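Note that ligands are numbered from 1 as they come in the structure, with each ligand's atoms numbered from 1 the same way. What you see is a predicted model; the values in this text were computed from it and never measured. One-based numbering along the sequence shown.
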Amino acid sequence: MKVTLEHTTKKFPGFNRKQTDVVAVNDVNLEIPDGLLVGLLGPSGCGKSTTLNLLSGLLKPSSGKIFFGEDDVTNLPPENRGVGLVFQNYALYPHLTVLQNIIFPLQNLKGKDKLTKTQMKDKAMEVAKLVQLQGLMDRKPSELSGGQQQRVAIARALVKMPRILLLDEPLSNLDARLRLQTREEIRRIQRQTGITTVFVTHDQEEAMSISDLIVVMKDGVINQVGKPQDVYDDPADLFVAKFLGTPPVNVFRGRVEKGQLYIGDENVLRTPGVTDQEVFVTIRPEGFELNENGALSCDLHRVEVMGRDVSVVCSHADCENTAIRAIISADNPVNMADSKVRFDLKANKVHIFDIETQQRIAFETL
Ligand code: ADP
Ligand code: MG
């Protein structure tokens, strides 16, 4: 089911007259294509949960509209929207078994939708199979691991075959290994069911790894929407460039003069077509090439071994990161006796941004 937000705004009133309103979601336009898994990504407080709750119907927008397919659902209560919801704290009923927890949403169905006990059980077993809980149906939540509890919550959200599945930081309570495993599970379940899914997270790696599309938000506004790789390769602004990628991107102050990019007094790259100005320069960790005659020189601190690659840790007066990390193949020897290290830059791993607007300035990479 396609989902559309049209000039959607959500304001929360200040608690007293002196406080200003909080605009949690600010005039957002977004189209989520049918059948995709979309990662809604941004730092804490940027409006992700508010956006999700506007979709679920738990919150009503202050202005703007929400469509599921062609239906205007803006004023539809949550129970009539056909959404499945999963939160960070699994919110299972502790006194009910796994089976009873999954069946629970089916028990309130009325009229022509009403199900018999057997039908309910059949449906519950079907989704239990999908999330691989078959052997655990008689347990109580306290007898399950965190990952299993979250699978019960997902099964419960799926049992009514929702039109849209909404997940709000579903992996945050899990340990690192379970987090990886459960995110694969979610990807598989989404593919198998084809349900349009919105997955909220503040973890860029999590969003990048499982999403068909990512939506990057900041301060209630969408900065960029796109395929994870496209957003990584072509960030719309400095915020997006900094938010995506581990280790983080290296941010320098630089300037363009006569189509050449300078950091300090070193000419590091050709930037044809860009007018003379000061700029922010971002260089991805994988954008450095070790070269003893390279264009950019940095102060060498240490080399961290990562196996296949090494991370050259260095610094530069015009870089806002205290430690620059350059990731290069372990085959390239770095002479630790030197106090300086020189790099050439890979043009497609370097981006420049307007100092004022922080929007990206495109240049041709040859
Ligand atoms: P996120 O999920 O991205 O961390 P939220 O959507 O929860 O962010 O919150 C966005 C902003 O709206 C925050 O500044 C938050 O403090 C504010 N906010 C959220 N819910 C309420 C509320 N019920 N009342 C007042 N302010 C709220
Ligand atoms: Mg949140």
Practice task
Measure the shortest side-chain to side-chain distance between Tyr232 and Met208 over non-hydrogen atoms and say whether it is less than 4.5 angstrom.
Solution key: yes
Fill in the blank from the handout: Listed as residue and atom, the protein N/O/S atoms under 2.8 Å from the Mg ion (ligand 2) are Ser49 OG
Problem - Electrostatic pair Arg183-Glu205, nearest N-O below 4.0 angstrom - result: yes
Exercise for the section: For the residue pair His316 and Phe252, categorise the inter-ring angle as parallel (less than 30°), tilted (30 to 60°) or perpendicular (more than 60°). Expected result: perpendicular
Exercise for the section: Just grab all the salt bridge (charged side-chain N to carboxylate O under 4.0 Å, His left out) pairs involving residues 119-141, residues at least two apart or on different chains. Expected result: none
Exercise for the section: Write out the residue and atom name of the closest protein heavy atom to atom 1 (P) of ligand 1, then the distance separating them to 0.1 Å. Expected result: Gly45 N, 3.4 Å
Practice task
Applying ring pair (Phe, Tyr, Trp, His ring centres under 6.0 Å), name anything that partners Phe12, two or more places apart in sequence or on another chain.
Solution key: none
Practice task
Please identify which atoms of ligand 1 are closer than 4.0 Å to at least one heavy atom of Ser49.
Solution key: 1 (P), 2 (O), 6 (O), 7 (O)
Handout entry: Modelled atom types, side-chain donor and acceptor of Thr182 and Gln150, under 3.5 Å
Key = no
Exercise for the section: May I ask you to check whether Arg187 and Gln190 show a side-chain donor-acceptor distance below 3.5 Å? Expected result: yes
Exercise for the section: Answer with side chain, backbone, both or neither: which part of Thr50 has a heavy atom less than 4.0 angstrom from an atom of ligand 1? Expected result: both
Practice task
Please could you name the atoms of ligand 1 that Val22 approaches to less than 4.0 Å, counting only its heavy atoms?
Solution key: 12 (O), 14 (O), 17 (C)
Exercise for the section: Please indicate, with yes or no, if any protein heavy atom is found under 4.0 Å from atom 22 (C) of ligand 1? Expected result: yes
Practice task
Determine, using heavy atoms of Ser44 and all atoms of ligand 1, whether some pair is separated by less than 4.0 Å.
Solution key: yes
Fill in the blank from the handout: When rounded to the nearest 0.5 Å, the distance separating CG of Leu180 from CG of Leu171 is 9.0 Å
Problem - Under 3.5 Å: donor-acceptor pair, side chain of Glu169, backbone of Val200 - result: no
Completion exercise
Near Ala24 (heavy-atom distance under 4.0 Å), the atoms of ligand 1 are 10 (C), 11 (C), 12 (O)
Exercise for the section: Considering only non-hydrogen protein atoms, determine which one is nearest to atom 27 (C) of ligand 1 and report residue, atom name and distance to 0.1 Å. Expected result: Phe12 CD1, 3.2 Å
Exercise for the section: Please check atom 16 (O) of ligand 1 for a protein heavy-atom neighbour under 4.0 Å. Expected result: no
Problem - Phe68: ring pair (Phe, Tyr, Trp, His ring centres under 6.0 Å) partners, not counting sequence neighbours - result: none
